[in-house]
There are 2 protein chains.
Amino acid sequence: MTQRGRPRSFDRAAALRRAMEVFWAQGYDGTSMSNLIAAMNVNSPSIYAAFGSKEALFREAVALYRETEGGRILSAMTTAPSTRAAIETMLRVSAEEYTRPGKPRGCLIVLGALHADDGNEVMRRELQVHRAESLTMLLQRLKRGVAEGELPNGPDWRAIATFYITVQQGMSIQARDGATRKALLAVADCAIAAWDGLVSYRRDGRAL
Amino acid sequence: MTQRGRPRSFDRAAALRRAMEVFWAQGYDGTSMSNLIAAMNVNSPSIYAAFGSKEALFREAVALYRETEGGRILSAMTTAPSTRAAIETMLRVSAEEYTRPGKPRGCLIVLGALHADDGNEVMRRELQVHRAESLTMLLQRLKRGVAEGELPNGPDWRAIATFYITVQQGMSIQARDGATRKALLAVADCAIAAWDGLVSYRRDGRAL
DNA sequence: TCATTTATGTGTCAAGCGATACAGAATATA
DNA sequence: TATATTCTGTATCGCTTGACACATAAATGA
């Protein structure tokens, strides 16, 4: 029993990529079905048949973003030789991803649904969960460094992880405002400049 | 020749404050006239008579925000005894402002209109200008430190100013995601931990 | 007292929103 | 070839959006 009925006349994966870019550039609320119809070059009944709803389409777009763009940040982080290099790589690859020519600037997951207006509380919370996962993964990387003896046990690693995630998220806004790749890399360098001081925190929580 | 005609039956300043809080919480696009009518407790013809349009109302709301909430950050920065204290104060006051109980979290100017959907390009650009001004003011404070001999002439002060603004903007997103005031203050501490290293940058741009 | 001026509440406008009903077209199975 | 199945384009649904027309209410000035 193979495929029944009239075959789909458009490339579902390609259409999803287009949708992802529109959501990425304009956010969930800022993207209308008209925008999607134009970008995907697919009429709305076919979009609904293939993806279910605007909400479901956004969910798939976010999943695709995490696999592709977001995945490059993560994999770069996990293959780094040291904890410090992992953080540095995360920030530097983020700077590059957020300023790719021909692509929307900044991060879809950070900028996609920040406000809780009337109907989009669900999507906002889902992106919030994804953002929280980024923190968790960075924190796990730090704790691995501690477990392996690379890093001391004293510092507030959660605070440090939060700091670097905050810098990364701020870079999304900077990218949206037109910051160059070079400028974002300089921001990453500045953040890394804090590392040595942060790692050598004393018991009382103050820098040496 | 005093006031002619029927007097206004609502407090314009109070209604503007209410509007500001709605825009602050939901953004420009995310806020509908229905939301404003409900929050301000004023019917739409009266809103249009008093403020002109949704766009003009948002403009006034942003101006009010800058005078009040934003003003507290700036004045704290200008009265600081040293450049380092100015930056530290800016970040710490930001952490406090972004987590005031009973108020929307994060910064109206940072979060108010990030996307360029169909009709709001004008407001996005205006907020962008305001954000650029924040960078300019911080940079001027740094250059003052250099001029007064407090700081050396070598470091890329624009990059350093951009770094601290990036942290501040990232804090808006963190605040939106529910970060506690304590957590944001810890982020500020981490950012400040970078200061000494940044100030002592060598000619070649690498840390000592 | 009465014209003038300004603000108010009711009701509504055209346009756009997300989502579908429907009939026809294109495939697989029987 | 006949039938069942699935996708396509047209056209439109009910609803919300930002904005405003209109008649009325409440003030001042002559």
Side-chain angles (χ1 to χ4, degrees), chain A residues 1-16 18-19 22-23 26-61 112-113 115-124 126, chain B residues 1-16 18-19 22-23 25-62 112-113 115-124 126:
Chain A
M1 169 167 25
T2 61
Q3 183 82 323
R4 290 283 295 258
R6 178 173 176 172
R8 183 178 286 125
S9 67
F10 63 94
D11 182 339
R12 191 185 191 276
L16 177 58
R18 299 266 183 78
V22 181
F23 281 129
Q26 306 188 344
Y28 177 71
D29 289 302
T31 301
S32 66
M33 284 306 298
S34 306
N35 297 145
L36 293 167
I37 291 165
M40 302 166 77
N41 202 27
V42 176
N43 286 322
S44 72
S46 297
I47 296 179
Y48 280 89
F51 299 98
S53 66
K54 185 187 173 189
E55 213 173 273
L57 176 57
F58 182 71
R59 233 183 297 264
E60 280 202 52
H115 300 297
D117 23 61
D118 294 332
N120 68 341
E121 179 68 10
V122 183
M123 299 320 299
R124 201 194 111 264
E126 289 193 21
Chain B
M1 174 162 27
T2 59
Q3 180 83 325
R4 291 285 295 264
R6 178 174 175 173
R8 183 177 286 123
S9 67
F10 63 94
D11 183 340
R12 191 184 191 278
L16 177 58
R18 298 265 182 77
V22 180
F23 280 129
Q26 306 189 345
Y28 177 71
D29 289 302
T31 301
S32 67
M33 285 304 300
S34 306
N35 296 146
L36 292 167
I37 290 165
M40 302 165 79
N41 202 28
V42 175
N43 286 323
S44 74
S46 298
I47 295 178
Y48 279 90
F51 298 98
S53 66
K54 185 189 173 188
E55 212 173 275
L57 175 58
F58 182 70
R59 233 183 296 264
E60 279 202 53
V62 169
H115 300 296
D117 24 61
D118 295 333
N120 68 342
E121 179 68 10
V122 184
M123 299 319 301
R124 200 193 114 265
E126 288 194 22

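Protein chains get the first letters and strands the later ones, always in sequence-line order, with residue 1 at the start of each.
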> Which one of B/L36, B/D11, B/I37, B/I47 satisfies the side-chain contact (heavy atoms from CB on, under 4.5 Å) criterion with B/V42?
Replying inline: B/I47
> Looking only at side-chain N and O atoms, does A/S46 come under 4.0 Å of OP1 or OP2 in D/dT8?
Replying inline: yes
Between the protein and nucleotides 21-25 of chain C, which nitrogen or oxygen pairs come in under 3.5 angstrom?
from	atom 1	to	atom 2	distance (Å)
C/dA25	N3	A/R6	NH1	3.3

>> Distance check needed: D/dG18 P versus B/E55 CD, whole Å only.
In response: 12 Å
> Nearest-Å distance, OH (A/Y48) to C1' (D/dG9)?
Replying inline: 16 Å
>> OP1 or OP2 of C/dT8 versus the side-chain N and O atoms of B/N43: is any pair under 4.0 Å?
In response: no
>> Rounded to whole Å, please give me the gap between CZ in A/R4 and C1' in D/dT5.
In response: 5 Å
> Which value, rounded to the nearest 0.5 Å, describes the distance between A/M33 atom CE and A/N43 atom CG?
Replying inline: 10.0 Å
> Do the side chains of B/F23 and B/V62 get nearer than 4.5 Å, heavy atoms only?
Replying inline: no
>> Output the rounded distance in Å from CG (A/D11) to P (D/dT8).
In response: 12 Å
> What is the distance from CD1 of A/I47 to C1' of C/dT20, rounded to the nearest Å?
Replying inline: 13 Å
> Distance from B/S46 atom OG to B/R8 atom CZ, nearest 0.5 Å?
Replying inline: 8.5 Å
> To the nearest 0.5 Å, what is the distance between CD (B/E60) and CZ (B/F58)?
Replying inline: 12.5 Å
> Which whole-number value in Å describes the distance from A/K54 NZ to C/dA19 P?
Replying inline: 8 Å
>> Can you work out whether B/V42 or B/G5 has the more 5'-proximal nearest nucleotide on DNA chain C?
In response: B/G5
> Can you find a pair of side-chain heavy atoms, one from B/E55 and one from B/E126, that are under 4.5 Å apart?
Replying inline: no
>> Using a 4.0 Å cut-off on heavy atoms, which residues in residues 29-39 of chain A reach DNA chain D? List them by number, or say none.
In response: none
>> What's the separation between atom NE2 in B/H115 and atom OH in A/Y28, rounded to the nearest 0.5 Å?
In response: 13.0 Å
> Expressed in angstrom and rounded to an integer, what is the separation of A/R8 atom CZ from C/dA28 atom P?
Replying inline: 15 Å
> Think A/S9 has a side-chain N or O under 4.0 angstrom from the OP1 or OP2 of D/dT8?
Replying inline: yes
> Expressed in angstrom and rounded to an integer, what is the separation of A/N41 atom CG from D/dC7 atom P?
Replying inline: 18 Å
> Taking the side chain as C-beta and beyond, is there a heavy-atom pair between A/F51 and A/R59 under 4.5 Å?
Replying inline: no
> Is there side-chain contact between A/D117 and A/D29, with at least one heavy-atom pair below 4.5 Å?
Replying inline: yes
